[in-house]
Structures are given as C-alpha cells and as structure tokens.
2 protein chains.
Amino acid sequence: MKDKLTERQKEILNHIQNFIAENGFPPTLREIASHFGLASTFGVKRHLDALKKKGYLKVESFASRAISLNKKSFSEIEFEKSGYDSKTISIPVVGRVAAGSPILSEENLEGMIAIDSNFFKHNKNCFALKVSGDSMINAGIFDGDLVIVSPNEKVSQHDIVVARVDDEITVKNYEKKDDKIFLIPQNKKYEPITVTQKNNFYLVGKVIGVLRWFN
Amino acid sequence: MKDKLTERQKEILNHIQNFIAENGFPPTLREIASHFGLASTFGVKRHLDALKKKGYLKVESFASRAISLNKKSFSEIEFEKSGYDSKTISIPVVGRVAAGSPILSEENLEGMIAIDSNFFKHNKNCFALKVSGDSMINAGIFDGDLVIVSPNEKVSQHDIVVARVDDEITVKNYEKKDDKIFLIPQNKKYEPITVTQKNNFYLVGKVIGVLRWFN
DNA sequence: AAATATAGTGCGCTAATGTTCACTTGTCAA
DNA sequence: TTGACAAGTGAACATTAGCGCACTATATTT
C-alpha cells in the first residue's frame, strides 16, 4: 500500500534510472524538471521525497545529484530472505595452454569460477578453458570465451568437445564415421581435422557451457 | 599521447570508482580532497583534468558530481587489486519475464549463479536473464542463453543492453542519434526498433556477459 | 460541498560545488 | 644549475543546485 507509486512517480523514477544509465551520474532537480517540461523544482522535490519514503531511492539532503537507486527496486532483498539454498561448485579456469603441458597444471591456472549447482549437474572435475581463435564462431564460441569442459563424460556424435591432437588443444565438433574421427570447425575459413592413427589423439572432454565477458 | 597514470592519479581514480560503487553517485571535488587529506580543491581538479585527458573519465564542466567512468578505467585499476580477495558473488537468474511485472519479482526467479569476483568487477545489483529469441545471434547471443546484466551502469553507444519498451523486454545493441534511441538487433531477419516519445522506455541495464549451457 | 491528496508555478534564499590565480615544494633529467 | 612537471596551499569568485513558502488547479474521497 505504502509502496504503491503514482503514475507520475513511476515516470520520474524511470527517468532517473535512464539518466544514470546514460550519463553515469544522477540528474539534478532542475534537469529532471526540464525533462518533463516543468517550471519549478519544488514539484520534483516532492516526488523525490515520495519515492524516498516509499523506499525506491535514497536522497542525500543538501547535496547535489545525490540520488541513488535503492536495491529494493532491483533485486537482493526478496531473494536474500527467501532462504535460497544451493551449493556452488568451484571450477578452475585455465588460460592459454602451453603446448605439451598437462592442461591442468598450475602454470595454466588463471582463477576460479563458481556456479550454482542447480545449473550445473555435471561431475566435479570440470574446468573452464579460454578459447583462442575463431574456428567455432558459428557455434557461438568466440575468441576469448571460456568454455566449460566436463571430462570423462560420454561424448556423442556432433557434441562440441575439447581435444588434444599432437600437443595441440582445440575446440571442435566431434564426429565419428567408420572408425575415423573428424573434428569439425564451425567457420568456413577452416577445414575439418581428420584424426589418423599417426596422431596422438586425446579427447579431453565435452563442452557443456560457454561463458563470455564483454569488456 | 601517454595514457600512463601517475601513482597519485591511480589513487584518485580508484577512489572515485569505490565512491561510486558505495554511494551510487560520484563525489565532489571537496569530498575527494578531504578523503586524501588535501586542503585545496584545485589539486583535485588538476588530477581530474589529467584523468579526463588520458581518457579514463569524463567530467562535465560547471556541473556538480558530473564525473563518469570510462570503460578503460575498469580493467586497469581493478587489475592491480585483484588477487587479494576472491569471494564469489551470487546473482539471481531470471527466466521468462511476465509482461508488465517487475523483472526481479520472485515469480521470475529461476535460481542463482555465483561467479568469482576476479571475473566480475561490476556492481552488486547484477542479475542474469534468460534470452528468448534469436535476434542477437550475430553477437553470439543465442536463444536460451543467459545474459548477465549490470543495472545502473553507464551505457555507451553500441553497448549491448537490456531494455523495456512498453512492457516488452529485449536485448539489443543500444544506439543514440540526435536524441533518438535505436535498439539494433544482430540478425538480418529483424528490424531495428526506434524508440519514440510514445513508448514507455526503460533502460534496464548493460549486458556484461553471456553464459550458455549445452544440454 | 468540504476535505484531502497529487501536481505544478514563481521566486528568492542559501548552501554546495566548480573555477581560477598566484605561490610553494620536491623530483628528475638535460 | 636550470627547467619542466607533478603536487599541493589559500583565498577569492562564480555558478549550480537544493530548500521552502505562498498560491493555484484538478481529481478523488468523505
């Protein structure tokens, strides 16, 4: 009841959020007023007071642009108290793999990443590997992405896998035909790799996820 | 030009970042000065001018607290601090958003994911949203992917954002031209959305990451 | 009809905050 | 040594921006 906003208040709150997103800092009363074609800052102030009272904003007194959005309007609170119980599983992140070295040696380690077990129903030996190269762009795996790899998991036809061919680590689609193994890139620029007896071939694991950061 | 920062400039920049993270808005010159025990605001101003010139932040003239961070300033500074604390941060995962409902209401909650803070240098209000539709495939975002969203972070031209247009939640590239806002899909099958005054437009946040599971 | 809540106007006041200038100090390299 | 440069001081000064009052208007409720 108390938290209910009027139409105008919603508009104001909405505009403040957009302003911050666009500018990186909050607007002044006058800027808000002028955006709505208002002539006086007093009305705006009353709206802010209302929004503050209802818990959507914090406003420092006697300070300029000192509006901050309250988490309440976003997330946290509701989840925090809903007693969400879940374990997280930590997996190591592996960067560029030095040719010849075991993938999971310390020198390749770059950090850890933890993922909620609800989303992660695989075995505990998983790790994440930083992809270099664009041979899988059509599968939505870009240079620099982290692929999450589950070793000792059954690999089926057409799965995306991480494999080692003669000390070279690659991410490709897996295909087996008449006892021959093919590693298929998802980019016209590259040719499929045919694995022969002469190659030192090792199926590292199955790619079960992809994680990418925009920086 | 040399983009290299002096020690002092790094300290200042770092403090500004922390201040914004804690308060939700940037500090004034005097607040910065007093944090460092300085008696004059002039020195601070010169530091800001330098940081601006070197491209780490933007500062509006004759406006209070009008400092905004440039992307560049993330990576570099946090870099040095990383390694100290490696907590994991939990963020909620949001599934299909019922039209009209606040994104982060319980009915939309699907779980939590936790991510190592070393890989996650953004604010704590972040959440993950399940994408439906293929309008961003050329940006490597597929149907069913989880995009990780940072609300109340400065959105720049061409950033991938989550926006609400008239109760419809979409993920698109953000573009602003002459006061007009365009939401650009990354798939030839779709047309850009032009946001007009008549639309109820709300910039939910910036997409800072993508997570995909193969199941 | 009267009361109440929401919205907005105009205007002046004052505190908050950015800007500028002249001068000092310490470091580093030519 | 001299000169360039980062850093800081102190004291105005100029502009921005929050605050508050009296008054108006329009719904909705009592």
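The basis for the numbers below is simple: all heavy atoms, side chains too, and nothing from hydrogens, waters or symmetry mates.
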Atom [atom1] of [X] and atom [atom2] of [N]: how far apart are they, to the nearest Å?
X	N	atom1	atom2	answer
A/F25	D/dT16	CZ	P	14 Å
B/E11	D/dG8	CD	C1'	14 Å
A/L5	C/dA5	CG	P	18 Å
A/R8	C/dG8	CZ	P	4 Å
A/D49	D/dC21	CG	C1'	15 Å
B/L38	D/dA11	CG	C1'	17 Å
A/F62	C/dT14	CZ	C1'	9 Å
A/E7	D/dT28	CD	C1'	16 Å

Check side chain to side chain donor-acceptor pair (under 3.5 Å) between B/R30 and all other residues, then give those that pass, not counting sequence neighbours. none
Gap separating the CZ atom of A/R8 from the CG atom of A/L13, nearest 0.5 angstrom: 13.5 Å
Under 4.0 Å between a side-chain N/O of [X] and OP1 or OP2 of [N], yes or no?
X	N	answer
A/S64	D/dT16	no
A/R65	D/dA17	yes
B/Q9	D/dA7	yes

I need the residues from residues 39-48 of chain A with at least one non-hydrogen atom less than 4.0 Å from DNA chain C; give them sorted by number, or say none. A/A39, A/S40, A/F42, A/G43, A/R46, A/H47
Can you tell me if B/N199 and B/D166 form a side-chain donor-acceptor pair at under 3.5 Å? yes
is_close_aromatic(B/H15, B/F36), centroid dist under 6.0 Å: yes
Classify A/R30 by what it touches in the nucleic acid, base, sugar-phosphate, or nothing, heavy-atom distance under 4.0 Å. base
May I ask you to say what A/A66 touches in the nucleic acid, namely base, sugar-phosphate or nothing, with a heavy-atom cut-off under 4.0 Å? nothing
Shortest non-hydrogen contact between B/L5 and B/Q9, atoms and distance: CA-OE1, 3.5 Å
Would you kindly check if the NZ (Lys) or CZ (Arg) of B/R164 is within the cone defined by 45 degrees around the ring axis of B/F201 and under 6.0 Å from the six-membered ring centre? no
With a 4.5 Å cut-off on side-chain heavy atoms, are B/V165 and B/L183 touching? yes
